[in-house]
Structures are given as structure tokens and as C-alpha cells.
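The shown structure was predicted, so the numbers you read here are calculated from the model rather than taken from an experiment. As the structure lists them, so they are numbered: ligands from 1, and atoms in each ligand from 1.
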Amino acid sequence: MHMADLTLPVLDLSRLDRGAHEADRFRADLRAATHDVGFFYLTGTGVSEDLEQRMHRAARDFFALPLADKLAIENVNSPHFRGYTRIGGERTQGEVDWREQIDIGPEREPVAGGPAFNRLIGPNQWPAAQPGLRDVVAEWHATLSAVSRRLLRAWAQALGETESYFDDHFGEPSTLIKIVRYPGTDQPLPQQGVGAHKDSGVLTLLWVEPGKGGLQVRRDGQWVDAPPVPGAFVVNIGELLEYATGGYLRATDHRVVSPVAPDDRISIPFFFNPALDAKLPLIDLPAELAAQARGVTEDPSNPIHSLYGENALKSRLRAHPDVAAIHHPDLVAARA
Ligand SMILES: O=C(O)CCC(=O)C(=O)O
Ligand SMILES: [Fe+2]
């Protein structure tokens with residue numbers, strides 16, 4: 001594919017290493033891309049092809065396990081929404097998503113009491129049948145966390161804050177790695193791989209299996225295709241960054257249309273978000289940027305909370321009603 005045909009901007013992170021002038025221009029482009037579209041391709045991340053291939057292989061190996069091995073770590077075992085979600089086990093906008101996935105967060109001891117969002121804290125479930133998964137995920141986590149921090153420092157400066165703004169307010173990040181497989185379908189109409197949504201946090205770095213389309217991004221009311229670009233991550237911002245910038249930066253709706261059988265598609269979204277109890281203060285934008293802030297998108301069915309834990313809990317309860325019903329009936333009742 002020709003880069004000029006792409007509907008999203010392409011940004012090269014390695015421009016940050018090419019002197020002060022080039023770094024400034026990168027930051028201005030980053031700001032513009034996330035003000036206008038909210039989605040872009042990121043190249044020059046330094047993530048090695050070798051690591052990408054090992055992560056890709058691990059994802060394929062996981063989904064190729066016998067169903068019983070995957071169900072041994074099903075997310076309904078976990079009050080913390082960790083582990084394997086079977087095909088059709090997840091919802092977006094109340095509709096079933098046609099995908100299977102494993103959700104992996106920070107490895108912690110459960111926390112008793114405190115705010116309800118503390119229930120998201122706890123251990124992961126790892127497949128006994130695939131002992132190598134944990135190490136490659138740890139490497140992926142460390143590498144993508146470093147890329148995320150570089151990007152956030154660039155945004156902070158581009159928004160008139162000190163470079164360490166997000167580092168200072170994030171606390172220990174709540175990361176989430178999803179390893180996802182979208183099975184092909186034979187339906188004549190496009191099927192919902194994952195329904196239209198905005199990500200609930202700050203920043204998402206998405207790795208997509210080479211050659212696999214299906215991701216679509218809403219631009220000016222139209223769905224446009226965002227096919228994978230070799231060596232690039234698809235990056236988007238979430239509701240919390242829109243919120244913290246008074247709508248100057250945009251969280252954008254996106255969805256995945258199912259592949260046509262017998263094809264399928266693997267993707268690995270990495271969500272980089274603040275600690276659950278972190279509250280991102282509103283960024284005091286320079287006047288010329290503040291004048292272009294649109295205000296935060298108001299959706300009564302989807303309130304945005306400035307406390308990240310509230311936002312994360314909202315999206316987990318909504319996406320996994322079965323886990324919610326088994327482990328958190330009190331929260332479900334309180335929200336009904
Ligand atoms: O699989 C993809 O390409 C996107 C997935 C996504 O948007 C999500 O899980 O939030
Ligand atoms: Fe998403």
C-alpha cells in the first residue's frame with residue numbers, strides 16, 4: 001500500500017532524536033493529529049521486528065490451544081476481569097462482539113475494601129499449556145510502556161505543560177494488554193468484530209497482524225479503513241485525555257468489522273492509563289489552544305469520569321456482564 005493512500009496521519013517517533021527543531025515539529029504534528037483525528041500511525045518506535053514476531057507467534061499459539069486449555073483461564077474465574085473471553089463473551093453498546101481474547105493487567109495481589117474500582121486489582125490468569133507467554137508479554141509491556149511515556153512527554157510539551165506532566169500525575173500506570181482474535185464469518189452483512197466505541201483511558205498502542213484490515217475509524221461522520229502499516233502501531237487517545245484537554249484532543253470512535261471466513265485476524269491493543277486512583281487535572285492550555293478546545297463530548301449514556309478507576313470500572317462492567325453478574329452483583333444492582 002502507498003503511504004499517500006492512508007486516511008490517517010503517519011508520525012515518526014524517531015524525529016524526537018533528530019535535534020531540537022525536528023523534535024518541535026514532531027510535537028506540533030502529534031498535537032495536530034490528535035486534535036483533528038485522534039488516530040494516527042506511529043513509526044520509528046524502536047520496537048524490534050524480532051519482538052513483534054515473537055509476540056505475534058505467542059498470540060497465534062495461544063489461540064491454537066485446545067478450547068479446554070483456554071477455558072481453564074476463562075475470565076469468569078476472575079473478579080478482576082483477567083483471562084480468556086470466549087467468542088461472543090463480550091459486548092459493546094449491548095451487542096455481542098465476535099472475538100476471543102485474553103486480558104492481562106498489572107500482576108498484583110487483590111485489595112480488600114476501598115473504592116469499588118479496587119476490584120480491578122489482582123492477579124492475571126496464565127495458560128498452563130503455554131508457559132512462554134508470560135515472558136514475551138512482560139517484554140512487550142516494558143517496551144510499549146517506554147514508547148507510551150515518550151509520547152506522553154511529547155504531548156505534555158505540545159500542550160504547554162512541563163515534560164513530566166503525565167509522569168507526575170499518572171502514579172503507577174494501569175496497563176492492559178489484550179491479545180485478540182477475530183474469527184472470520186460467512187455472513188453477507190459486515191459483522192461486529194468489536195462495536196463502535198472510544199477507549200476509556202489515555203493512550204492506546206495497537207499492533208495489528210500484517211495484511212489484516214477491518215479496523216475502521218470515524219472521520220467526519222464516515223467510517224474510514226485503517227489497515228495495518230508494516231512497522232507501525234496504530235495509536236489513538238482515549239476519553240480521559242479528551243477530558244483533560246477540555247476536548248482539545250479528540251477521542252475517536254472506532255470499530256472492527258469481522259474478517260470473511262476462512263480468514264481471521266489477530267490484534268494486540270496495549271492500553272496505557274493512569275493508576276486507578278489517579279485524577280488527571282485539567283491541563284491549563286495556552287490561550288491559542290484553549291480557543292480551539294471544543295469541550296468534552298457529552299453522552300448521557302457514557303459519562304466520563306476524571307478519576308480513571310471509575311472510567312475503567314464502567315467499561316469493564318459494561319463489556320463483561322457475565323463477570324459482573326458472578327462477582328459484582330452489588331455493583332450491577334447499584335448501577336441499574
Ligand atoms: O482490534 C483492533 O483493531 C481494535 C480493538 C479495539 O479497539 C479495542 O479493543 O479497544
Ligand atoms: Fe478500542
Report task. May I ask you to identify the nearest protein heavy atom to atom 4 (C) of ligand 1, giving residue, atom name and distance to one decimal place in Å? Result -> Val256 CG2, 3.7 Å
Requested in this report: Would you check if the side chain of Ser174 reaches a backbone N or O of Pro274 as a donor-acceptor pair within less than 3.5 Å?
Outcome: yes
Query raised in the report: Under 4.0 Å between a Lys/Arg side-chain N and an Asp/Glu carboxylate O for Arg54 and Asp135?
Result: no
Report task. Determine, step by step, whether Phe117 and Tyr308 satisfy the ring pair (Phe, Tyr, Trp, His ring centres under 6.0 Å) criterion, reporting the C-alpha distance in whole Å, the side-chain angles of both residues, the deciding distance to 0.1 Å, and the verdict. Result -> CA-CA 9 Å; Phe117 56 70; Tyr308 176 62; 8.9 Å; no
Query raised in the report: Side chain of Asp199, backbone of Ile237: donor and acceptor closer than 3.5 Å?
Result: no
**Report entry** Arg255 and ligand 1 - part of the residue with a heavy-atom distance under 4.0 Å
**Finding:** neither
**Report entry** Residue part near ligand 1, for Val180, under 4.0 Å between non-hydrogen atoms
**Finding:** neither
Report task. Look at the rings of Tyr165 and His169 and say which category their plane angle falls in: under 30° parallel, 30 to 60° tilted, over 60° perpendicular. Result -> tilted
Query raised in the report: Which heavy-atom pair separates Ser78 from Val323 by the least distance, and what is that distance?
Result: O-CG1, 3.5 Å
Query raised in the report: Any idea which atoms of ligand 1 are less than 4.0 Å away from a heavy-atom of His254?
Result: 7 (O)
Query - ligand 1 contact on Val234 by region, counting heavy-atom pairs under 4.0 Å - result: neither
Query raised in the report: Who are the ring-ring contact (aromatic ring centres under 6.0 Å, His included) partners of His328, not counting sequence neighbours?
Result: Phe81
Query - For ligand 1, the portion of Glu90 having any non-hydrogen atom under 4.0 Å away - result: neither
Query raised in the report: Judged by atom type as modelled, is there a donor-acceptor pair below 3.5 Å linking the side chain of Arg31 to the main-chain atoms of Leu249?
Result: no
Requested in this report: Check which protein N, O or S atoms are less than 2.8 Å from the Fe ion (ligand 2) and report how many there are.
Outcome: 3
Requested in this report: Could you tell me whether some N/O pair between Asp199 and ligand 1 is separated by less than 3.5 angstrom?
Outcome: yes
**Report entry** Within-shell test, Arg265 vs ligand 1, heavy atom, strictly < 4.0 Å
**Finding:** yes
Report task. Check each of Gly195, Pro269, Ser267 against atom 1 (O) of ligand 1 and report the one with the nearest heavy atom. Result -> Ser267
Query raised in the report: Short list, please: which atoms of ligand 1 are under 4.0 Å from a heavy atom of Tyr182?
Result: 1 (O), 2 (C), 4 (C), 5 (C)
Query raised in the report: Can you name the closest pair of heavy atoms from Thr85 and His320 and give their distance?
Result: OG1-CE1, 3.4 Å
Query raised in the report: Among protein heavy atoms, which lies nearest atom 9 (O) of ligand 1, and at what distance?
Result: Arg99 NH1, 3.2 Å
Query - Side chain, backbone, both or neither: the part of Lys198 lying under 4.0 Å from ligand 1 by heavy atom - result: neither
Query raised in the report: Does Lys279 NZ have over 12 foreign heavy atoms under 6.0 Å away?
Result: no
Requested in this report: Specify the protein heavy atom at minimum distance from atom 8 (C) of ligand 1: its residue, its atom name, and the distance to 0.1 Å.
Outcome: His197 NE2, 3.6 Å
Query raised in the report: Side chain, backbone, both or neither: which part of Phe271 comes within less than 4.0 Å of ligand 1 when only heavy atoms are counted?
Result: side chain
